[in-house]
Amino acid sequence: MPTADPSRAPGSFAGLAGVDRVAGRLYTDPEIYAEEMKRIFYRTWVWVAHESEIPEPGSFKTTQVGDQPVIVTRDRHGTFNTLLNRCRHRGATVCDQRSGKANGFTCPYHNWSYTLDGRLRGIPYPDGYEGVLDKNDFPLRRLRTESYAGMIFATFDAESEPLVDHLGDAKLWMDRFLKQTNGYPAKVLGSHKIRFKGNWKIQLENTTDGYHFPMVHKSWMASVDAETANMMSFMDDPDAQTHALGHGHSVAVMAGEHVDLDIDDGSEAIQPRFQHLVGDLTAAGESPERIRRYMRSMHGCGFNLNIFPNIAMSSSFLRVLIPISVDETEVWHMAIGMDGGPENVNRERLRIHEHFQGPFGFGSPDDAEGWDRVQIGAVADPTMPIMVNRGVNRETTTDEGWPTSHVTDETGMRESYRMWKAMMSDD
Ligand code: FES
Ligand code: FE
């Protein structure tokens, strides 16, 4: 099903994305990037926090919605707020900490102070403002904020559809992802960030790109035990599939036996690498059934869920992408564990996470090398398209209505660009 070369399409930017290929300019053109901020990041639901990052009244974190700095808070009533980190006096940021606990925020410039839900509480030396300023008129700007399954999203668009509608069929997979915490609340165990010199969509494409795995992650495959390598050898597994879920979301299933951790037919052996933990948990009085459940959930949920435009729930961690400029992107990796479960299980999960995603890991640094190279190479001959056509002729549709193909196919990327095109269109 070839389409016309989209790099030759005249008119709006939306014409630059075809069904099975997109123009290289999508990675390199600052005008397109500016338009993406307006039409995508200022309009749709953007992930801002996991609720365990702001666990108590007064907890806050800072991040961005697109290129705009925000503070995400839990106020005295326990409500989540997303506030623009921009003083209403002359525009300074009112908070410069990554996270913490506070009663409110005081701008360092002239000390206008704000409550956790953004109301302007105090102005020093207020006499000069008599008759010219009503504090009620100058709160921090609030974004609409909603959450599902502990995942907090914000949008600038007061009219946008409810978050649950935007998530659509991704909700089923979010629920499945959370089964790896074995009945305990999910908790961010730790996080680290990297920046790569490339456009945000290069990272967006990667989460459901099973095709690169055996090539780019050869070193990681060589560094793990045989059982783990076997679990991730999905090239010839017909059950390893990518589904397009609508709204730009997609899911790549790599280890089907872990998709629903409530289902256990007993055929899967516990990996020998976890035997030391089995011994420790037995000694601590855990039942064989619980121990088996912990061990089966150790690598996570067996799939990567990509939620358009900026968050992935990927095996056992979250991957957040924050666009910095047309050719630079920040990526946060957040390890997920149990809030209240056995600490030695959480520790082992962290070690597995570091082994792949860590700064000295065997996985993510190799991904980042590929992303950098895409950005450098895409500058060459902008008339040549970026191809996302792998598997386009072998896609089928599931009973749920999801376009589906093998996990090595580019079904997830086509779904992202379908949404990109819709949001970048004039109508
Ligand atoms: Fe914030 Fe003046 S800029 S108080
Ligand atoms: Fe990768």
Side-chain angles (χ1 to χ4, degrees), residues 69 71 83-96 104-115 118-129 132-133 135 137-141 194 196 198 201-224 228-229 231-235 240 242 250-255 299-300 302-306 312-321 329 331-333 352-359 361-374 390 407-410 412-413:
I71 316 168
L83 310 168
L84 219 51
N85 192 0
R86 186 230 186 258
C87 182
R88 292 300 306 273
H89 179 216
R90 295 235 294 277
T93 56
V94 299
C95 178
D96 63 352
F105 305 99
T106 300
C107 178
Y109 203 176
H110 313 87
N111 283 191
W112 285 26
S113 63
Y114 301 89
T115 60
R119 283 170 293 129
L120 178 57
R121 178 166 54 189
I123 297 178
Y125 309 107
D127 45 314
Y129 285 110
V132 294
L133 186 142
K135 282 194 287 199
D137 294 338
F138 289 87
L140 295 178
R141 179 165 178 194
I194 59 163
F196 72 96
K201 297 184 294 302
I202 297 170
Q203 202 293 301
L204 182 74
E205 292 170 13
N206 176 264
T207 293
T208 54
D209 178 358
Y211 190 28
H212 81 287
F213 199 94
M215 281 75 87
V216 168
H217 299 308
K218 217 183 291 173
S219 336
W220 179 83
M221 288 290 253
S223 73
V224 294
T228 305
M231 183 178 74
M232 293 304 283
S233 298
F234 45 67
M235 293 303 283
T242 296
S250 58
V251 63
V253 176
M254 296 161 295
H299 292 286
F303 59 80
N304 288 355
L305 172 64
N306 212 19
M313 302 174 85
S314 186
S315 294
S316 60
F317 64 98
L318 306 180
R319 182 191 264 165
V320 188
L321 73 88
T329 304
V331 179
W332 282 87
H333 284 133
I352 295 170
H353 179 77
E354 291 158 358
H355 186 80
F356 194 105
Q357 275 79 34
F362 285 74
S364 291
D366 291 336
D367 280 317
E369 171 73 16
W371 306 337
D372 284 352
R373 283 179 176 232
V374 170
R390 185 176 160 84
V407 73
T408 60
D409 291 341
E410 286 158 343
M413 284 155 245

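All values derive from a computational prediction rather than experimental measurement. Counting convention: from 1, in listed order, for ligands and their atoms alike.
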Asker: Before we go on, tell me: are the rings of H217 and F356 under 6.0 Å apart, centre to centre?
Answerer: yes

Asker: Considering the options T408, D367, D366, which one meets the side chain to side chain donor-acceptor pair (under 3.5 Å) requirement together with H212?
Answerer: D367

Asker: Any N/O/S atom from D209 (main chain or side chain) under 2.8 Å of the Fe ion (ligand 2)?
Answerer: no

Asker: So, F234 versus F213, ring centres under 6.0 angstrom or not?
Answerer: yes

Asker: Do S315 and M254 come close enough that some side-chain heavy atom pair is under 4.5 Å?
Answerer: yes

Asker: Would you indicate whether the side-chain heavy atoms of P139 and R88 approach each other to under 4.5 Å?
Answerer: yes

Asker: Among the protein atoms near atom 2 (Fe) of ligand 1, how many are N, O or S and lie under 2.8 Å away?
Answerer: 2

Asker: Given 3.5 Å as the limit, does a donor-acceptor pair link the side chain of D372 with the main chain of F196, or not?
Answerer: no

Asker: Nearest to the Fe ion (ligand 2), which N, O or S atom of D367 do we find?
Answerer: OD1

Asker: Taking the side chain as every heavy atom from C-beta outward, state whether Y109 and H89 have any pair of such atoms under 4.5 Å apart.
Answerer: no

